[in-house]
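Here is the structure we will look at.
Throughout, a chain's letter reflects where its sequence line sits, starting with A, and its residues are numbered from 1. Just so it is clear, the structure is predicted and the values come from calculations on it, not from any experiment.
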There are 2 protein chains.
Amino acid sequence: MRSNLATDQETVGAADAPELPSVRQRAVLDAVLGLMVEDGDQLTMDAVARRASCSKETLYKWFGDRDGLLTATVQWQASRVHAGRDAVQSLDGATLREHLQDFAVTWLTVITSESSVALNRIAVAHAGSRKSNLGGIVLANGRFAIGERVKPVLEAGRAAGLLAFADSEAAFRTFFGLVGRDIQIRLLLGEVLDLDGDEIRRDAGRAVEQFLALYGRAEP
Amino acid sequence: MRSNLATDQETVGAADAPELPSVRQRAVLDAVLGLMVEDGDQLTMDAVARRASCSKETLYKWFGDRDGLLTATVQWQASRVHAGRDAVQSLDGATLREHLQDFAVTWLTVITSESSVALNRIAVAHAGSRKSNLGGIVLANGRFAIGERVKPVLEAGRAAGLLAFADSEAAFRTFFGLVGRDIQIRLLLGEVLDLDGDEIRRDAGRAVEQFLALYGRAEP
DNA sequence: CGCGTACCGTACCGTACAGTACGCCGGGTA
DNA sequence: TACCCGGCGTACTGTACGGTACGGTACGCG
């Protein structure tokens, strides 16, 4: 069921069928991303077609309509973010810390990236008008995806006697708050923060320490 | 040239001059708010004029252009949020807790309100395109305004030996994160959360306890 | 070779919406 | 009474943009 029999690509990203885009289609989606980042409101179908050197008719054939194109773009961007799902075993305090640090760094890197900011802006704007659930998709691939990856780690930490909490969702949300703080909303509202790698690592470290201070147990 | 009495209202909310709107103008701005909340993208100048029973020409006369109207609306909404600035004196542990609880409840109430969500959506969407700094205004009246109100309390708490921190801005940002967590982004992206008063109070209480666990000092 | 298919480029259509022009009314002033 | 003038309603203009139609080109296949 893979691509490259260059025949009859159907509408991509249409709600249920996540049928991955062909190479050419991915190029189009990258063009969309590029336009979003450069100038959020210059995202017209004409501009996309020009940038991607394809015809509008092809865009409509592949993606149905403008919303379809945006949806496909969101999913394409999402698909290259959550790379690996890591199995958790044998946690000691150091590896727990390490895992959490990793998550925090990853998350901060994502939300401070230009493409994430641009994408979230589009999705937020879209959420205002009903129809076409871009916001839901972004949430599912961002906030909720990371939650589903972190919670098993937290639970493993609890199983190993390193953490104490009743509700892993609540614990995760606290972690989320400690990591993100006001960063995302400030970026979305147009403030320029540019954190470099060091700053992100420092921030992540602080968040992890605070989280462990709240939920950690003295290691046996 | 002009008799500057109750006549001759100039353009409102034009960048520098915060010249507060007249009663009639406030009614217009309320109409804008109403439209925003009801259906974010139905916010056309025609719709506003119809809703407020005024002519478009008047809108343009008063507010210059669409951005001016939006800006004035944001400022109008902001002006009725931060009601009182409370002088801080004689903090003991209980009143510190109480103050923080108050801030947290206020903030959660604001960010979960429909008008705030709608307004932030507009501002975020606007921040994508340059020109007209709606995002900055929202930040200044939201995130930063609350920060400026909380930090003196934190510093008073430190002066009273109840809190320990080096940087009040950093401490506040942690507080902010603990209070807001993922709520605002989820709402902006279209999730429906509707927290009632009880839930907000519980949430606020948890955040305050966590903050004090991180920054509190055993009271002498 | 002719035929179908996939796609590009461009011209085109309809509509929505920001912004403008103008006629009319009602109330304040003399 | 006459006359301003602020503001209402509505009709109008220009344009940007989503979506469609169509001609032209390259390529694979019988």
Side-chain angles (χ1 to χ4, degrees), chain A residues 3-12 14 19 21-29 31-32 35-36 39-73 122 125-126 128-132 134, chain B residues 1-12 14 19 21-29 31-32 35-36 39-73 122 125-126 128-132 134:
Chain A
S3 59
N4 289 351
L5 295 184
T7 53
D8 200 20
Q9 272 284 351
E10 284 294 302
T11 57
V12 173
E19 211 165 320
S22 72
V23 176
R24 183 78 182 88
Q25 286 168 343
R26 285 192 294 252
V28 170
L29 298 181
V32 176
L35 279 175
M36 277 185 183
D39 188 354
D41 64 352
Q42 218 53 8
L43 196 66
T44 73
M45 298 300 275
D46 275 291
V48 171
R50 222 173 312 124
R51 170 88 154 226
S53 293
C54 72
S55 77
K56 282 211 285 175
E57 197 164 23
T58 303
L59 291 184
Y60 284 101
K61 187 171 180 193
W62 285 347
F63 304 103
D65 59 4
R66 188 170 186 271
D67 273 357
L69 178 60
L70 293 177
T71 304
T73 305
I122 306 274
H126 233 80
S129 54
R130 321 296 172 246
K131 78 178 180 180
S132 125
L134 273 193
Chain B
M1 186 171 172
R2 60 166 42 99
S3 57
N4 210 348
L5 285 188
T7 55
D8 198 23
Q9 272 285 350
E10 286 290 303
T11 56
V12 172
E19 211 166 320
S22 71
V23 177
R24 184 76 182 89
Q25 287 168 342
R26 285 191 295 252
V28 170
L29 298 181
V32 176
L35 279 175
M36 276 186 185
D39 188 355
D41 62 353
Q42 221 52 8
L43 195 66
T44 72
M45 298 300 275
D46 275 289
V48 171
R50 222 173 311 124
R51 171 89 153 226
S53 294
C54 73
S55 75
K56 283 210 288 173
E57 194 163 24
T58 305
L59 291 184
Y60 284 100
K61 187 171 179 191
W62 284 347
F63 304 103
D65 58 5
R66 189 170 184 271
D67 273 357
L69 178 60
L70 293 178
T71 304
T73 305
I122 306 273
H126 234 81
S129 54
R130 320 301 171 244
K131 80 179 178 181
S132 127
L134 275 191

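Rounded to an integer number of Å, the gap from CZ of F63(B) to P of dT20(C) is 16 Å. One interatomic measurement links the two molecules: OH of Y60(B) to C1' of dT20(C), which rounds to 9 Å at whole-angstrom precision. Atom P of nucleotide dG19(C) and atom NZ of K61(B) are separated by 18 Å, given to the nearest angstrom. Going from atom CG of D67(A) over to atom P of dG18(D) covers 11 Å, rounded to whole Å. With rounding to whole Å, Q25(B) atom CD is found 12 Å from dG7(D) atom C1'. The distance between atom CH2 of W62(A) and atom P of dA6(C), rounded to the nearest whole Å, is 12 Å. One can place CZ of R51(A) at 15 Å from P of dG9(C), the figure rounded to the nearest angstrom. Following rounding to the nearest Å, R66(A) (CZ) and dA16(C) (P) show an atom-to-atom distance of 16 Å.
F63(A) has its side chain within reach of L29(A): a pair of non-hydrogen atoms, C-beta onward, lies under 4.5 Å apart. Between M45(B) and L69(B), the closest side-chain pair of non-hydrogen atoms falls below 4.5 Å. No side-chain heavy atom of L134(B) sits less than 4.5 Å from a side-chain heavy atom of D67(B). In this structure, L35(A) and T44(A) have side chains that are not in contact, with every pair of non-hydrogen atoms separated by 4.5 Å or more.
When the nearest nucleotides of DNA chain C are assigned to L43(B) and T58(A) by heavy-atom distance, the more 5′-ward of the two goes with T58(A). Residue R24(B) is the one, among R24(B) and D46(B), whose nearest nucleotide of DNA chain D lies closer to the 5' end (criterion: closest heavy atom).
The heavy-atom pair separating G40(B) from I122(B) by the smallest distance is O-CD1, 4.3 Å.
Evaluation of the side chain to side chain contact (heavy atoms under 4.5 Å, CB included) rule for D39(A) yields D41(A), Q42(A) as partners, not counting sequence neighbours. The salt bridge (charged side-chain N to carboxylate O under 4.0 Å, His left out) test applied to R66(B) returns no partner, not counting sequence neighbours.
R50(A) comes within contact range of no nucleotide atom at all, as no heavy-atom separation falls under 4.0 Å.
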Grab the N/O contacts between the protein and nucleotides 21-26 of chain C below 3.5 Å, and write none if there aren't any.
| from | atom 1 | to | atom 2 | distance (Å) |
| --- | --- | --- | --- | --- |
| dC22(C) | N4 | E57(B) | OE1 | 2.0 |

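Here the side chain of S53(B) is nearest to one of dC8(C), dG19(D), dG9(D), namely dG9(D).
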